[in-house]
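Chain naming here is simple, since letters A, B, ... match the order of the sequence lines and numbering starts at 1 in each.
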Amino acid sequence: MIANEYIASQKRTNSEAFKTKTKTKDDSTVKDETKTNDLITSLKEKRNQTAKSILDFDFKKKRVQILSQAKEIKESDSSGGILYWMFRDCRVQDNWALLFAQKLALKNELPLNILFCLPQKYLEYNARHYKFLIKGLEEVQEECDELNINFNVCVGEPAIQVVDFIESNHIQGVVCDFLPLKDCMQWQESVLNQIDSNQIPFIRVDAHNIVPCWIASDKLEYAARTIRNKINSQLSQYLQQYPPVIQHKYNNKNIINKKKIDWNDVLNQLKYDKSDELINNNEITWAEGGTSNGLKMLQSFQQKRIQLFGTKRNDPTISALSNLSPWLHFGHISAQRCVLVIQELKSKYTESVNSYCEEVIIRRELSDNFCYYNINKYNKLDGAPSWAQLTLKQHSKDKRTYLYTLDELQHGRTHDDLWNSAQIELYKTGKLHGFMRMYWAKKVLEWTESPEQALQYALYLNDQYALDGNDPNGYVGCMWSICGVHDQGWGEREIFGKIRFMNYQGCKRKFDIKAYIARWGGKEYNKKQETIPFKKLKK
DNA sequence: ATCGGCTCGCGCAA
DNA sequence: TGCGCGAAGCCGAT
């Protein structure tokens, strides 16, 4: 199907939805199993062609940070082996952290273990997130069983549970993945402090970024333009094909007599808010966790949507986006794999592929850069650049034409039918179109009492409802919209100050807002006369 | 529909 | 110190 026909068919779908008010099935759900299996098979072949195992592969040492005094595995009588403490990157293949752990284990002829430890309460995770996450872990477990890797899951305080696992299993080396958020960084530091780091190497691997976060830049970057060259100039070095994680050679005595994991029991041990009706009444059906489901979505992007990405990515009535962010957030698929697959189409859809790479490489890595070098304030107003803090402060007392409570925002009950539609899309589907996210967050700034409250509400709603919430990308998205992070000053207005402004009118110009509103059913609540409440300030 | 002006501060050359 | 440049924007002219 050529692009124009495809757009036309989507417009038909939208108008049908408008007439019948029935749910339309997202066309990005892939039904063709055989073709997807082809992709999974072809990736397997590609890995096997790349190297026999990680030992035969040019592993980039810069992906690794050795945090302990001990730099190498020490000889020991009791061979508990190597532990990969998995947290952010929940997949077996295409995972530099697991590959590095297997490399250590093979080189030292040791067994290989994985531990995934879930805290009882984690950020704003709820049933929606846990269901997705656990589905992915089940797949990891199955793959580990086939590969002679000892996979374990536990619920509890990671800093305690991981140390306990290391001690009781006589682990000789620990590999963890990289997530530049406060909790995770603190757990890792705490584990490092509790173990004998003169004896046990403790190693962090950036399995999430293509160019490792600490290599891409050694400082807090100011904007996309300041990190772009730093990443692009090193990209060819790091954008390698993955070798396979292979069947592990060294047997693990822990595997014998191992109890089967009771996933319901895991879920029941978690403490999260179960009372939110918007979550309980809106089961997510378009996206299920796990690597193979993520690869299905990647394949449908490659086959159906990438061609539209260049020109239609800011049109929320057209399905032109990858829709991969939930799987990327939970680490069920790797961004590097997405780039490798999509770049095969570079000569065919040059503009689209370049735009996609800008988002999945530069913008994503910029988010990690922001959190890593701003670890105590990546979700606070203090984390904003000083010009933005100043201008927001100067305008914090400006009169707000509309003021909404968290509850009104949550249910999509504002005067703005477009905004309400975005909020409905968010709570019903667990995702919000990339362009609408910006508009959505900027209006929260406009309709709440202060920038602090706006940021708090936007982050809460995003983390609560979006499958890809609770992630550096989400934090930076809200910070960009509300407090100017990675952006620059613009013409001064009320409330916004110099923060970039967005409005209803602009959306009207850009896409068919009626189709979007019809699709999600946002209504106007208590609309006042004034529709555009700002006049540009004169100097 | 498309385009240029607006506006701002970092980064770099001087 | 001054200038060029980018920017997921808006707005008005054509």
Q: Kindly indicate, with the supporting measurements, whether the criterion ring-ring contact (aromatic ring centres under 6.0 Å, His included) is fulfilled by His332(A) and Phe330(A).
A: CA-CA 5 Å; His332(A) 293 176; Phe330(A) 287 100; 5.7 Å; yes
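- Secondary-structure annotation of DNA chain C gives the stems B:1-6 with C:9-14, B:7-13 with C:1-7, with a stem taken as at least 3 successive Watson-Crick or G-U pairs whose two distances both fall under 3.5 Å.
- Residue pairs meeting the ring-ring contact (aromatic ring centres under 6.0 Å, His included) criterion with at least one member in residues 361-382 of chain A, sequence neighbours excluded, are Phe178(A)-Tyr372(A), Phe370(A)-His486(A), Tyr378(A)-Tyr475(A).
- Across all strands, Lys442(A) comes closer than 4.0 Å to no nucleic acid atom at all (heavy-atom distances).
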Q: Run the numbers on Arg204(A) and Asp206(A) for salt bridge (charged side-chain N to carboxylate O under 4.0 Å, His left out), then give the verdict.
A: CA-CA 7 Å; Arg204(A) 184 192 284 148; Asp206(A) 187 346; over 6 Å; no
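- Gln423(A) pairs by the side-chain hydrogen bond (donor to acceptor under 3.5 Å, both in side chains) definition with Trp440(A), not counting sequence neighbours.
- Rounded to whole angstrom, the span from the CZ atom of Arg500(A) across to the P atom of dC11(C) amounts to 13 Å.
- Remark: Asp368(A) engages Arg88(A) in a salt bridge (Lys or Arg N to Asp or Glu O under 4.0 Å) (not counting sequence neighbours).
- When rounded to the nearest whole Å, the span between CZ of Arg228(A) and C1' of dC5(C) equals 12 Å.
- For Arg63(A), there are no salt bridge (Lys or Arg N to Asp or Glu O under 4.0 Å) partners two or more places apart in sequence or in a different chain.
- Atom-to-atom, CD of Glu492(A) to P of dC6(B) comes out at 18 Å; the value is rounded to the nearest Å.
- In this entry the distance linking NE2 of His486(A) with C1' of dA7(C) reads 14 Å, nearest Å.
- Scanning for side-chain hydrogen bond (donor to acceptor under 3.5 Å, both in side chains) contacts around Glu359(A) gives an empty result, with sequence neighbours left out.
- Legend: residues meeting side-chain hydrogen bond (donor to acceptor under 3.5 Å, both in side chains) with Tyr349(A), ordered by chain and number and at least two apart, are absent.
- A straight line from CE of Met502(A) to P of dC10(C) spans 5 Å, rounded to a whole angstrom.
- Note: CG (Asn314(A)) to C1' (dA7(C)) measures 13 Å, nearest angstrom.
- As judged by a 4.0 angstrom heavy-atom cut-off over every strand, Arg363(A) is placed among the base-contacting residues.
- Considering only side-chain atoms of Trp387(A), the nucleotide from dG9(B), dC11(C), dA7(C) that sits closest is dG9(B).
- If you take atom C1' in dG11(B) and the same atom in dA8(C), they sit 22 Å apart, rounded to whole Å.
- To the nearest angstrom, C1' of dC3(B) lies 13 Å from CZ of Arg509(A).
- Within the structure, the salt bridge (Lys or Arg N to Asp or Glu O under 4.0 Å) test picks out the following pairs touching residues 329-338 of chain A (sequence neighbours left out): Asp94(A)-Arg337(A).
- DNA chain C is contacted by Arg225(A) of residues 208-227 of chain A, taking any non-hydrogen atom closer than 4.0 Å.
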